[in-house]
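As structure tokens, the structure follows; a few thoughts come after it.
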Amino acid sequence: MATLQSLAIEKKKFNDLLREIDALPKKLRKGAELSVLRAGAILIRTSAKSFAARSKDSGALTKSITLIITGKTGSKTAKVGPLKGYRKIVKRTNKKTGKKYSMEAVPTNYSHLIEFGTSKTPAQPYIRPAIDATQEKVAGAMAAQLDLYLTRILAKSS
Amino acid sequence: MSYQSDIYDAVVAGATLSPLIGNRFFWDIADGDAVAPYIVAQTVSTLSENTNDGNRSLSFPLIQFSIWAKTKVSVIAITAALKTDIEGITLPGSSSTSLSFSSSNSTYETDTKLYGELVEYRGHSLTN
């Protein structure tokens, strides 16, 4: 269910999860943060890729969508989007002459135009629907990953 | 009637907005010969409420309003008018749609020389 009330509950769950991670010993916390963030962000990345695949792009955008976790010190952030520097050679056909040619697609140069559209082309959003579609599952996946992580650590230490 | 037609009616008949854009309000894509200023609206995504019997009665669409005009002053005026006419009120129509502000971004297109404002609203509407 996706009412505002349930979103508030999800947020509460998420905050509880963060408190649980904070309560861990410092050494364990670093690994837990990475593992838990990744578990949640993977869902968003997968969903973003499926939404991007529906766009009229050559496929370069879909392939370039990646997940990066930043923040060496302090709290970490997971970023999902087209990878900077990703390039792909794509084949195109000239509509007037019918000639085939190759060109380099650099998704970071045009990904925002696909997400938000322009004055002449409609938006084909892939990030915002991915966040909406997965927000209920993300907190659950992160909680499950924390549980799995701690179970593994305890199994190792015993 | 859907929330889309209710929003269309509210914008085109909006007391503050209609003197600025007339009926140049489009869903999904602007007419090829549309002259700025104009607004293009699109549903970005939809959250829906599902009940145990499988029926859904409410939806929460995220709607992007792209405002395009030849001058920044015009964009600012239309954005403010849009806010006055649709934000925080229940729109007339069977969908009982209300819209709450979500986010806003400015842009400028060098090829068309148009200023833009992409404003997002989260809708709350009946699906029936």
Side-chain angles (χ1 to χ4, degrees), chain A residues 1-11 13-14 40 43-57 61-62 65 79-82 95 108-140, chain B residues 24 26-52 54-70 75 98 100 102-120 122-124:
Chain A
M1 194 188 287
T3 62
L4 291 178
Q5 208 173 15
S6 75
L7 293 182
I9 292 166
E10 290 299 328
K11 195 179 171 192
K13 272 187 203 170
F14 188 71
L43 289 176
I44 299 172
R45 183 188 65 183
T46 308
S47 180
K49 276 179 178 281
S50 71
F51 280 109
R54 296 181 197 174
S55 72
K56 289 175 185 168
D57 182 58
L61 175 63
T62 310
I65 294 172
K79 292 180 180 177
V80 175
K95 283 179 186 172
T108 45
N109 288 353
Y110 61 82
S111 55
H112 59 292
L113 302 176
I114 293 182
E115 174 73 25
F116 296 107
T118 69
S119 64
K120 300 292 173 197
T121 57
Q124 299 170 76
Y126 55 95
I127 292 288
R128 290 171 291 170
I131 293 168
D132 267 3
T134 55
Q135 65 181 19
E136 288 179 21
K137 296 175 193 165
V138 165
Chain B
R24 293 189 299 277
F26 311 95
W27 274 101
D28 299 321
I29 188 163
D31 282 353
D33 56 355
V35 180
Y38 59 84
I39 300 177
V40 181
Q42 257 190 283
T43 304
V44 171
S45 64
T46 307
L47 291 172
S48 61
E49 183 197 45
N50 292 301
T51 53
N52 286 337
N55 293 324
R56 58 180 194 149
S57 55
L58 287 171
S59 71
F60 306 94
L62 184 66
I63 302 162
Q64 172 181 308
F65 293 87
S66 307
I67 299 154
W68 299 101
K70 288 175 184 167
V75 168
S98 61
S100 51
S102 179
S103 71
S104 179
N105 288 298
S106 296
T107 184
Y108 175 72
E109 283 188 0
T110 48
D111 52 345
T112 58
K113 295 186 171 54
L114 290 177
Y115 289 86
E117 189 77 22
L118 311 180
V119 191
E120 277 180 8
R122 177 67 74 179
H124 310 257

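Each chain gets a letter, A, B and so on, in the order its sequence line appears, and its residues count up from 1.
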Non-neighbouring partners of Phe51(A) that pass ring-ring contact (aromatic ring centres under 6.0 Å, His included), sequence neighbours left out: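 Expected list: none.
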
For Asp132(A) and Thr46(B), run side-chain contact (heavy atoms from CB on, under 4.5 Å): C-alpha distance rounded to whole Å, both residues' side-chain angles, the deciding distance at 0.1 Å, then the answer. CA-CA 7 Å; Asp132(A) 267 3; Thr46(B) 307; over 6 Å; no

Name, in order of residue number, those residues of residues 110-118 of chain A that have a heavy atom at a distance of less than 4.5 Å from a heavy atom in chain B; otherwise write 'none'.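 Glu115(A), Phe116(A), Thr118(A) fall under the 4.5 Å cut-off.
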
So for Pro129(A), is it side chain, backbone, both, or neither that comes closer than 4.5 Å to the heavy atoms of chain B?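 Both the backbone and the side chain of Pro129(A) come within 4.5 Å of chain B.
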
Going by side chain to side chain donor-acceptor pair (under 3.5 Å), name the residues that satisfy it together with Thr112(B), two or more places apart in sequence or in a different chain.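 So Thr112(B) forms a side chain to side chain donor-acceptor pair (under 3.5 Å) with Glu109(B).
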
Ser102(B) side, atom OG; Arg128(A) side, atom CZ - distance, nearest 0.5 Å: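 Output value for this atom pair is 9.0 Å.
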
Nearest-0.5 Å distance that lies between atom CD1 in Ile67(B) and atom OG in Ser119(A):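 Output value for this atom pair is 13.5 Å.
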
What pair of heavy atoms forms the shortest contact from Lys120(A) to Gly32(B), and how long is it?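 Answer, listing the atom of Lys120(A) first, then Gly32(B): NZ-O, 4.3 Å.
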
Closest non-hydrogen atom pair between Pro122(A) and Ile29(B), with its separation: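 Reported closest heavy-atom pair: CD-CD1, 3.6 Å.
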
Results of side chain to side chain contact (heavy atoms under 4.5 Å, CB included) for Ala30(B) - residues two or more places apart only: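 Side chain to side chain contact (heavy atoms under 4.5 Å, CB included) check on Ala30(B) returns Phe26(B), Ala34(B), Tyr38(B), Val40(B).
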
